[in-house]
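Note that the structure is a prediction, hence the values are computed from the model and not measured. The figures that follow rest on heavy atoms only: side chains count, while hydrogens, waters and symmetry mates do not.
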Amino acid sequence: MSWLGWTLIAIISIVFYYFFSKKMFNDNDKIDPRFYGGMLQTMVGLIALVPALITGWHFEINGYTLAWLVVVAITYTIGPSLYYTGLKHTHLSVTTTLDATGAIYAMILGILLLGENFSIGKLVGVFMILVAVLIVAGKSTALNKLTK
């Protein structure tokens, strides 16, 4: 499968992931965010593993890969657990703003640590993200003033 196919699968998965997560937490206050984060990441990992195995990827079992597997499993459980715990205690506009700026941080780390090229397209993307964040932040601030 090409990188474009994997990218489309990732985008569709992320959209459903965020929709499902927001819907779950808006409709049910009894969901434990730590359990939800761990189970969600486990399911996403298993769903991603199946196409990888079908397309010919193989998993080499040795001490190094098992150690990394444990580290990744722990961090992928702790990260979403903390995220969903915070999501229950913050406004959605704040969480969405922080999520949107994650792409900017990823781009900066890619340029600094991985040696990716800096381009005008990336600069335009950062500008568009920042404008969207300012619009969302401005609307929530204006809405808060209006309700007071």
Side-chain angles (χ1 to χ4, degrees), residues 1-57 59 65 68-148:
M1 185 178 292
S2 70
W3 66 269
L4 181 60
W6 285 111
T7 303
L8 291 175
I9 290 171
I11 290 170
I12 292 168
S13 300
I14 289 170
V15 168
F16 281 112
Y17 166 78
Y18 279 115
F19 175 76
F20 182 70
S21 299
K22 305 291 189 238
K23 185 76 174 146
M24 289 286 292
F25 282 109
N26 287 341
D27 291 349
N28 192 347
D29 289 337
K30 296 178 182 177
I31 295 175
D32 181 16
R34 293 170 298 273
F35 177 76
Y36 178 77
M39 288 307 297
L40 183 67
Q41 289 300 325
T42 302
M43 294 307 298
V44 167
L46 292 174
I47 291 169
L49 182 63
V50 171
L53 292 173
I54 290 172
T55 57
W57 181 80
F59 182 73
T65 56
W68 271 110
L69 186 62
V70 168
V71 169
V72 167
I74 290 170
T75 56
Y76 268 75
T77 299
I78 292 173
S81 298
L82 292 174
Y83 174 79
Y84 290 119
T85 302
L87 186 62
K88 287 189 117 179
H89 301 289
T90 59
H91 294 286
L92 190 57
S93 61
V94 173
T95 306
T96 306
T97 303
L98 292 174
D99 280 346
T101 57
I104 297 172
Y105 299 127
M107 184 203 65
I108 291 170
L109 288 172
I111 291 170
L112 295 176
L113 299 178
L114 301 176
E116 290 186 15
N117 294 330
F118 183 75
S119 66
I120 297 298
K122 289 180 183 174
L123 186 62
V124 169
V126 167
F127 178 73
M128 290 171 64
I129 290 171
L130 290 176
V131 167
V133 165
L134 290 173
I135 289 171
V136 169
K139 283 186 179 180
S140 67
T141 303
L143 185 61
N144 287 339
K145 288 180 183 178
L146 183 64
T147 56
K148 288 182 182 179

Give the table of side-chain donor-acceptor pairs shorter than 3.5 Å for residues 126-134, with sequence neighbours excluded, one pair per line with atom names and distance.
none

May I have the list of side-chain donor-acceptor pairs in residues 104-113 shorter than 3.5 Å, sequence neighbours left out?
none

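- Under the side chain to side chain donor-acceptor pair (under 3.5 Å) criterion, T65 pairs with N62, not counting sequence neighbours.
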